[in-house]
> 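Below is one structure. I have some questions about it.
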2 protein chains.
Amino acid sequence: MTTLGYAILGLLAREGLSGYDLTQRMKGRVGYFWSARHSQIYPELARLEDGGFVTHSVVEQRDRPDKKVYEITDVGLEALKDWVTEPPPEKPTRDELTLKAYSVWLADGEEAARVFRAEGLKHEEQLARYEEIRSWMEDEWREDLSSPGSPHFASYATLQRGIIHERGYAEWCRWLAEAVGGEISISGRGEA
Amino acid sequence: MTTLGYAILGLLAREGLSGYDLTQRMKGRVGYFWSARHSQIYPELARLEDGGFVTHSVVEQRDRPDKKVYEITDVGLEALKDWVTEPPPEKPTRDELTLKAYSVWLADGEEAARVFRAEGLKHEEQLARYEEIRSWMEDEWREDLSSPGSPHFASYATLQRGIIHERGYAEWCRWLAEAVGGEISISGRGEA
DNA sequence: ACCCGCATGTAAGTCGTTACATGATTCT
DNA sequence: AGAATCATGTAACGACTTACATGCGGGT
């Protein structure tokens with residue numbers, strides 16, 4: 001079974017979904033840390049069904065094309081549950097921006113500062129979005145967030161990972177931009 | 001040109017290296033955030049030479065097999081320099097442990113806590129290793145670390161990224177292990 | 001003799017991306 | 001009539017991993 005398979009099972013364990021629905025969930029990101037395109041999802045669903053981890057039923061719709069709604073089976077649920085507590089294989093981290101930083105000594109300081117400042121901004125923006133969702137969760141799901149057995153708790157946990165990730169990344173970008181470039185100029189540069 | 005190509009150029013911009021040397025550097029990790037096996041490196045070196053980004057010369061050794069030492073060309077250096085300040089394409093983050101967290105509500109709390117505690121420990125250990133290297137760098141390279149034009153500064157910057165990454169990851173693991181499991185039991189469990 | 005480290009390659013397979021392909025239904 | 005969204009697939013290609021393959025020289 002592939003990791004993508006477990007990602008799909010993780011979504012189906014919460015609710016029945018079509019391939020299209022799954023694709024939408026995977027765009028945003030499953031719990032913010034996995035993604036896949038429809039071209040990968042449809043064949044994987046077929047394999048999961050072949051293995052008995054999911055089943056599907058065709059749902060007819062008036063206003064839209066019919067769809068196949070997939071549901072997780074007991075076998076699938078069991079496999080997913082077992083996978084959760086297996087230690088993950090350690091895969092090497094690959095981060096292109098950090099790799100760029102490794103050769104930043106060759107670049108013009110101002111130019112490099114612009115790049116890292118811009119990347120830092122992106123991560124700050126993502127952080128802000130995540131924090132907004134977190135506030136919403138804390139309001140809406142208050143009780144669930146102290147029950148590790150609830151799916152809402154699990155969603156909150158992955159979001160929490162996203163927040164920590166973005167915060168750290170933004171911090172590093174700001175630090176590096178400052179170190180290589182120095183002054184932060186507002187576009188237009190008001191100096192007379 | 002592939003990202004791996006730039007990873008190799010980034011190393012060769014600092015010193016001439018053989019395919020074998022490059023492989024060793026990539027195992028540890030280039031500046032801690034890229035990696036590759038020899039089976040990927042040798043063909044990539046051939047492509048880089050084809051494109052005029054590197055050249056090689058055979059160095060004969062008495063005590064060991066001969067080797068090809070690769071050097072970066074002016075063309076290669078220019079390409080690398082330009083790449084550094086190009087904004088990186090954003091690639092989706094894929095983290096299996098976070099994906100597991102998304103389905104952690106299905107698992108036994110104690111079992112899950114063990115997994116996340118164990119992973120947290122790994123990241124704390126890596127953090128400790130990185131921090132030791134940082135201390136060493138701060139002692140050994142003191143002056144360079146304030147000159148963004150020095151390779152040592154760039155190495156320090158990537159290490160800094162590694163430190164922030166591990167710190168955040170460890171923090172999250174500890175938080176989640178605590179939330180799903182509660183008590184930290186020493187193996188053997190001294191309770192009477 | 002055998003294993004280990006140095007040294008360099010190729011081949012097969014997996015995972016993921018981009019592109020190709022089709023068709024229903026609704027909105028403008 | 002044409003574009004947008006919903007819906008489901010396949011094919012070609014690229015990046016990376018694992019395995020296959022070979023050979024030198026030094027230490028036990």
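Order of the sequence lines fixes the chain letters, A, B, ..., with proteins taken first and strands second; residue numbering starts at 1 for each chain.
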> Distance check needed: D:dT10 C1' versus A:Tyr42 OH, whole Å only.
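Nearest whole value for this atom pair: 13 Å.
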> B:Gln40 CD to C:dT8 C1': how many Å, rounded?
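About 16 Å, once rounded to whole Å.
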> What's the CD-P distance between A:Glu60 and D:dT8, to the nearest Å?
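Computing the A:Glu60:CD to D:dT8:P distance gives 13 Å.
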> Tell me which of A:Pro43 and A:Pro65 sits closer to the 5' end of DNA chain D, going by the nucleotide each one is nearest to.
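Final value for this comparison: A:Pro65.
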> Does B:Asp21 or A:Arg37 map to a spot on DNA chain C nearer the 5' end, using the closest nucleotide for each?
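It is B:Asp21 whose nearest nucleotide is closer to the 5' end.
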> At under 4.0 Å between heavy atoms, what does A:Ser39 touch on the DNA or RNA strands: base, sugar-phosphate, or nothing?
base
> Start with the C-alpha distance between B:Lys27 and B:Ser35, add both sets of side-chain angles, then the distance that settles side chain to side chain contact (heavy atoms under 4.5 Å, CB included), and finish with yes or no.
CA-CA 6 Å; B:Lys27 265 184 201 162; B:Ser35 70; over 6 Å; no
> Provide, to the nearest angstrom, the distance between the CD1 atom belonging to A:Ile41 and the P atom belonging to C:dC15.
15 Å
> Between C:dG16, D:dA19, D:dA7, which one does the side chain of A:Lys67 approach most closely?
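Per side-chain heavy atoms of A:Lys67, the pick is D:dA7.
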> Using a cut-off of 4.0 Å on non-hydrogen atoms, how would the nucleic acid contact of A:Arg64 be classed: base, sugar-phosphate, or nothing?
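Sugar-phosphate contact only.
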> Do any side-chain nitrogens or oxygens of B:Gln61 fall under 4.0 Å of OP1 or OP2 in C:dA7?
yes
> Base, sugar-phosphate or nothing for B:Pro89? Non-hydrogen atoms, less than 4.0 Å.
nothing
> Check whether the ring centres of B:Tyr32 and B:His165 lie less than 6.0 Å apart, and answer yes or no.
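For B:Tyr32 and B:His165, the ring centres are not under 6.0 Å apart.
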> Quick one: does NZ or CZ of A:Arg14 land under 6.0 Å from the six-membered ring centre of B:Tyr102, within 45 degrees of the ring axis?
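The answer is yes; both the distance and angle limits are met.
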> In whole Å, what is the span from the CZ atom of B:Arg47 to the C1' atom of C:dT10?
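Value for this atom pair: 13 Å.
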> I want to check a possible cation-pi pair here: A:Arg161 against B:Tyr169, using under 6.0 Å from ring centre and within 45° of the ring axis as the test.
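Judged by the rule (NZ or CZ under 6.0 Å from the ring centre, within 45° of its axis), A:Arg161 counts as positioned above B:Tyr169.
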> Take atom CD of B:Gln24 and atom C1' of C:dT8, then tell me their distance rounded to the nearest Å.
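Roughly 13 Å, once rounded to whole Å.
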> Checking contacts here: which listed nucleotide (C:dT8, C:dC15, D:dT8) is nearest the side-chain heavy atoms of A:Thr2?
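Looking only at heavy atoms from C-beta outward on A:Thr2, the closest nucleotide is C:dC15.
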> Quickly work out the B:Ile8 CD1 to D:dA15 C1' distance and round it to whole Å.
13 Å
> Looking across every strand, which nucleic acid part, if any, lies under 4.0 Å from A:Thr3 by heavy atom: base, sugar-phosphate, or nothing?
nothing
> Does A:Tyr20 make a side-chain N or O approach to OP1 or OP2 of D:dT8 shorter than 4.0 Å?
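For D:dT8, neither OP1 nor OP2 has a side-chain N or O of A:Tyr20 closer than 4.0 Å.
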> With ring-ring contact (aromatic ring centres under 6.0 Å, His included) as the rule and sequence neighbours excluded, what pairs involving residues 65-94 of chain A come up?
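Checked against ring-ring contact (aromatic ring centres under 6.0 Å, His included) - neighbours excluded - the pairs reaching residues 65-94 of chain A are A:Tyr6-A:Trp83, A:His56-A:Tyr70.
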> Nearest whole angstrom, please: distance from the P of C:dT8 to the CG of B:Leu17.
11 Å
> Report yes if a side-chain nitrogen or oxygen of A:Lys68 is closer than 4.0 Å to either non-bridging phosphate oxygen (OP1 or OP2) of D:dG9; otherwise report no.
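Checking D:dG9 against A:Lys68, a side-chain N or O does come within under 4.0 Å of OP1 or OP2.
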> Tell me which of A:Ser35 and A:Asp63 sits closer to the 5' end of DNA chain C, going by the nucleotide each one is nearest to.
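Looking at the nearest nucleotide for each, A:Ser35 comes out on the 5' side.
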